[in-house]
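Below is one structure, written out as structure tokens; comments come after it.
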Amino acid sequence: MIDSQTPCRDLEVISCQPGSEPSLINLVLSAPGWTCKPGQFVMLRPAHWGAELIWPRPFSVCDVSDEGLRIIFQTVGRGTRKLAELAPGQKVTVWGPLGRWFRIDETRPNLILAGGVGIAPFVMLARREKTDNLSMLFGHRLDLEHYPYAEIAARIKSEAMQQKAVADIAVFETVLSERIKALAGVGQVLACGPEPMLKVVRKYCLLHGTDGQVSLENRMGCGVGACLGCVCKTVAGDYVQSCVHGPVFDVRDIELGE
Amino acid sequence: MIDSQTPCRDLEVISCQPGSEPSLINLVLSAPGWTCKPGQFVMLRPAHWGAELIWPRPFSVCDVSDEGLRIIFQTVGRGTRKLAELAPGQKVTVWGPLGRWFRIDETRPNLILAGGVGIAPFVMLARREKTDNLSMLFGHRLDLEHYPYAEIAARIKSEAMQQKAVADIAVFETVLSERIKALAGVGQVLACGPEPMLKVVRKYCLLHGTDGQVSLENRMGCGVGACLGCVCKTVAGDYVQSCVHGPVFDVRDIELGE
Amino acid sequence: MDQTVHLGPLTLKNPIITASGTFGYGLEFMRYGDLSALGGICLKGISLAPRAGNPMPRIAETPCGMLNAIGLQNVGVEKFLKEKLPYIPAGATLIANLYAQTAEDFGELAAIFSGQDKIAALEVNISCPNVREGGVQFGQDPHMAAQVVSAVKKRAGTKPVMVKLSPNVTDVRVIAKAAVDAGADMLSLINTLAGMAVDIRKRNSRLANVVGGLSGPAIKPVALRMVHQVVQAVNVPVIGMGGIVSAEDVLEFILVGAHAVQIGTYNFMRPDNAFRLVEEVQVLAESLGIESWDDYRGTLKV
Amino acid sequence: MDQTVHLGPLTLKNPIITASGTFGYGLEFMRYGDLSALGGICLKGISLAPRAGNPMPRIAETPCGMLNAIGLQNVGVEKFLKEKLPYIPAGATLIANLYAQTAEDFGELAAIFSGQDKIAALEVNISCPNVREGGVQFGQDPHMAAQVVSAVKKRAGTKPVMVKLSPNVTDVRVIAKAAVDAGADMLSLINTLAGMAVDIRKRNSRLANVVGGLSGPAIKPVALRMVHQVVQAVNVPVIGMGGIVSAEDVLEFILVGAHAVQIGTYNFMRPDNAFRLVEEVQVLAESLGIESWDDYRGTLKV
Ligand SMILES: Cc1cc2nc3c(=O)[nH]c(=O)nc-3n(C[C@H](O)[C@H](O)[C@H](O)COP(=O)(O)OP(=O)(O)OC[C@H]3O[C@@H](n4cnc5c(N)ncnc54)[C@H](O)[C@@H]3O)c2cc1C
Ligand SMILES: Cc1cc2nc3c(=O)[nH]c(=O)nc-3n(C[C@H](O)[C@H](O)[C@H](O)COP(=O)(O)OP(=O)(O)OC[C@H]3O[C@@H](n4cnc5c(N)ncnc54)[C@H](O)[C@@H]3O)c2cc1C
Ligand SMILES: Cc1cc2nc3c(=O)[nH]c(=O)nc-3n(C[C@H](O)[C@H](O)[C@H](O)COP(=O)(O)O)c2cc1C
Ligand SMILES: Cc1cc2nc3c(=O)[nH]c(=O)nc-3n(C[C@H](O)[C@H](O)[C@H](O)COP(=O)(O)O)c2cc1C
Ligand code: FES
Ligand code: FES
């Protein structure tokens, strides 16, 4: 399962653009010379970051090709706010692709459950997979045009639900539950989004007996399995590094706190 | 001697340009709303610097007017290298004018002894002082066009000597000694430059009995007299803050180590 | 929100105190803000006789911090009372920071300050790492710490006594308890961590004194841990410090149980920072719905 | 310049060793560089039985540093010998890092490793702040430290024994001397400083374990000071660490007297950093005209 294409590279920023919603940034780096599977991620650290922020930051590969490595990220804290200031030509150290990916089963329905910026890894998936057995339900807070939703919807059957208020989240949870139930025994769900959403997905997968994969966003120190800071508890009671054994896990293998 | 115009202000970068010699930077900030005397300095810290570099950095006021606050600095370490990256529109916190200034005696010859970027405070002096009793000897390592020498030479009698090799420094020292000797009892010298040069100036001032003022560049933590990190030893054996009692001192009042 | 805090016998307008050695005699900052707007001002450490301090260089910058080896340069108590104290505007809450090399001299200093109306409280510095005698030796030994505190308490009259603890110890609670048992009305911590910086080219230390004290954001995690430990161990108010550079940082110390905080190195980063912090803490506390410090203090869930 | 260093009975190609707990079992970094190019690799702390470690969250970022409370999660010595050690390429200089809760268990671990050809030396971790038993308790008491070291030495066979010291003590020289008197062949320091980080909104600690260990550039001044002190106090080679993130930093530790250094948190900042450092140190040392480490080591003028 270990991929051999992971030396560190200093890539150049091609563009770093906030959308009309300034908290969502589209970052394109020069082509890294490797390709990867949807759900894999990279660790990213600007080459001339000082040491005030120690860690690199993990981001899903949104897409990768000869044209470059594309990341979509949300500014939530000190690191992402600094990353948002990157200018074309600056160097960013990148290592990856890292971790395990979403496994599609072409013989059965695969339903993507994406929440917010958790939509990122599915851009690549939608571009690559030719199967009709793929569809997406997207929950989002900001207006739809801020996300790469249209790109995906142009290729696979997609549906979006906006959550502006707390009440909307309850409605979304009900829909999630129904969709997951409908797939019990006949298909699987692939989820990426905020942790509360992943907990809900896991809960209904286990309740209804539906196959499911979730991508965790645990805080990471190294991305290579060394710091043991990103671990996830398995049902066996062990802690495994989500950067190596995940970030995509089978819902049946892990616990998600609570 | 204490100036009352020193609250902190967030000034805007108007321009920040390396000359043809990239280690010498011309920084212009928006007008601070105060004026000052030649030899006074400001403490400067970009508003959004993190905490990795703790201290503000002290710089002589090269000139100040309604058009802005001008600083000329050399990139020598981590702080100045970061300052060199400032872009127009960015905010820089500035407090000043601080410290004591060069005192001109219009009734006698005043010889400026400037070394390298130590020429900065004399731009303002040359622009303001109308006296014929003012001249300058400038020692420099880089070619002359990198410094604001021509601006000064257009207004007061100036002479420049380049030091490219160690032997040139010995020659410069001899000239310094002669000029200082020539002014004994009849005039004074005003010196700003690297510490070895200031030591030489002080030595010959004391040897020949010439009046002299030197501007020290001690490392500073606060610029306001609080940290006691910038102190200079007086001949009385006390340590006084060079940010408050200096940076310009009478050569007779202080010791300069060895 | 009313920011008033009661530190046993001492009442402050707000929990923001400037730390000793980083705010001069207050006078240096009068142009940058209203001294009486601060919760309090710990004055530069004062000894009986004037002290010249250590040779230069005395300060060095380190990652997210700085080292200092000032060596308690000060004008001495007599000159301080004559030439500094009268000029500090009334309305400022002043805390004298005492340094001596023997318990007796500490007592002597306390006696002198006990008669000064303008001094609201005494802070006993048994934790300076930059002086050869006294200083941290007292702060690393519970018996010596107790001796100093007793000597001060005996002669401090009605002035509340705050004891400033060193982080350079195996278990800070041991010294904390000794100080409280000896009569300390409150504790302040942490002083600087002993550290070094060297120059690989000149092959010398960046400080003439070789060893100095580390302060600034770098030490905040250590400071928070020690304040948390001491708050659990004693029953007097604790004043936390070490690396505070934001309103968030202030609340972190109050969350682990501090009654007030001191602001040190941050004063160097911008001379009006302490004044700004009083307002920023107000805004942050209100945005979190905190109604009084008593409601928030020490509510860390562990 | 030939970077070889002799640490008493242990010879390293160069002074760059990766620090325990920051370089996994070496295997994690094989894609990023040639393990045999490093001076040595201190393996993740290993105990007799497997340990699950502490609950999450286990790490928090702090100014120029990080806190960790991993709690010595490891697969246990048996599984390590079966599933990890055989896969580490020959040529790498491996140092086992031992953790136990009693002196006897430390001895037991030493005995097991004494028979392993692939293990070049043992590092005894008496300084972990993140475990309830053993760990730093041993490292804060000279008698307990000596007991552990004796127990290890007795059963370590011909393996050189390195003892890893805690910075969370009043006087690190006391523990250093106790370890050397008990037979330590060399010392390594510093382990992490005990620290905390809290969340003012959730009102909880950022670490489930509440207290964690601070590492990274923030602690370098403290580390340099302690290495400087220990080098003066003992006659065995000292391996310095704490906050190293550049070739300059490496030379700083050697300047104060360290024979070698360990690289910890820096491995997280970029996984090939340790490999790059070997080359950068070479370039820097040559640019300074250093002809051998023996010429440069401990030449700090004080
Ligand atoms: C495998 C993986 C893939 C990911 N993919 C994406 C992606 O494609 N797009 C995307 O936008 N994100 C993605 N993430 C999440 C992303 O990595 C984080 O949002 C990012 O690391 C946050 O960094 P930051 O420095 O901005 O936030 P931080 O400042 O580190 O903090 C983030 C949040 O935690 C809190 N916090 C925690 N510790 C502290 C502290 N010590 N001080 C202050 N605040 C603290 C803050 O309040 C803040 O809300 C992914 C994560 C993983 C693990
Ligand atoms: C009153 C006054 C007026 C001044 N006016 C001017 C002016 O007009 N123009 C101008 O160019 N300069 C001026 N200076 C000098 C200027 O302030 C310094 O050059 C500047 O502060 C250096 O900052 P830095 O961060 O770039 O260098 P630093 O990184 O702080 O270090 C400067 C030098 O010291 C060494 N050093 C010291 N400590 C460390 C450490 N811990 N780590 C690494 N290196 C270290 C470095 O090797 C480097 O060579 C003035 C100084 C004073 C006091
Ligand atoms: C330059 C400097 C001088 C100091 N002088 C004193 C002093 O005289 N007395 C004292 O008790 N503490 C002194 N300290 C320690 C501070 O009061 C404070 O305890 C320490 O700096 C930690 O807080 P900080 O991280 O906010 O700076 C000094 C600190 C600095 C940086
Ligand atoms: C995540 C993490 C895990 C660690 N685990 C261990 C360990 O198992 N055994 C040990 O002796 N030290 C351990 N340490 C301490 C390091 O080996 C080192 O002493 C410390 O981090 C200081 O060095 P640095 O500042 O270069 O990181 C660990 C440190 C970190 C950051
Ligand atoms: S991020 Fe370090 S082990 Fe996963
Ligand atoms: S720079 Fe702080 S006293 Fe002068």
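Atoms considered below: every heavy atom in the structure, side chains included; atoms not considered: hydrogens, waters and symmetry mates. All chains are named by letter (A, B, ...) in the order of the sequence lines, taking the proteins before the strands, and each is independently numbered beginning at 1.
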message: Can you give me the closest heavy-atom contact between R203(D) and D295(C), atom names plus distance?
response: NH1-O, 4.1 Å

statement: If one checks every heavy atom of V227(D) against chain C at 4.5 Å, the contacting part turns out to be neither

field: Student check: side-chain heavy atoms of V302(D) and N204(C) closer than 4.5 Å
entry: no

- request: Look at E252(C) together with R206(D) and state whether they make a salt bridge at an N to O cut-off of under 4.0 Å.
  value: no

query: Closest approach of L300(D) and S205(C), non-hydrogen atoms and distance?
result: CD1-N, 3.8 Å

- prompt: When rounded to the nearest 0.5 angstrom, what distance separates CE in M226(C) from CE in M196(D)?
  reply: 12.5 Å

task: Against chain D, label L67(C) side chain, backbone, both or neither, depending on which of its atoms sit under 4.5 Å from a heavy atom there.
output: side chain

task: Sort L284(C) into side chain, backbone, both or neither according to what part of it lies under 4.5 angstrom from a heavy atom of chain D.
output: side chain

query: Take atom CD in Q232(D); do more than 12 heavy atoms of anything else shown fall under 6.0 Å from it?
result: yes

- prompt: Heavy-atom count around E286(D) CD within 6.0 Å, excluding the residue itself: above 12?
  reply: yes

- prompt: Is T170(C) reaching over with its side chain to a backbone N or O of Q140(D), donor-acceptor style, under 3.5 angstrom?
  reply: no

message: Can you confirm whether T62(C) sits close enough to K220(D) that some side-chain heavy atom of one is under 4.5 Å from a side-chain heavy atom of the other?
response: no

field: Interchain contact, V210(C) with chain D, by part (heavy-atom threshold 4.5 Å)
entry: side chain

field: Rounded distance [0.5 Å steps], CZ in R225(D) versus CG in L193(C)
entry: 7.5 Å

- line: Looking only at P221(D), A208(D), G65(D), P167(D), most heavy-atom pairs under 4.5 Å shared with chain C are made by P221(D)

query: Of the backbone (N, CA, C, O) and the side chain (C-beta and beyond), which part of D199(C) lies under 4.5 Å from a heavy atom of chain D, both, or neither?
result: backbone

message: Is L251(D) close to chain C through its backbone or its side chain, or both, or neither, when contacts mean heavy atoms under 4.5 Å?
response: both

query: Crowded around E291(C) CD? As in, over 12 foreign heavy atoms under 6.0 Å?
result: no

- request: Side chain from CB out, backbone as N, CA, C, O: work out which of these in I200(C) comes under 4.5 Å of a heavy atom of chain D, or both, or neither.
  value: both

query: With distance as the sole test, does K301(C) use its side chain to make a donor-acceptor pair with the main-chain N or O of K202(D) at under 3.5 Å?
result: yes

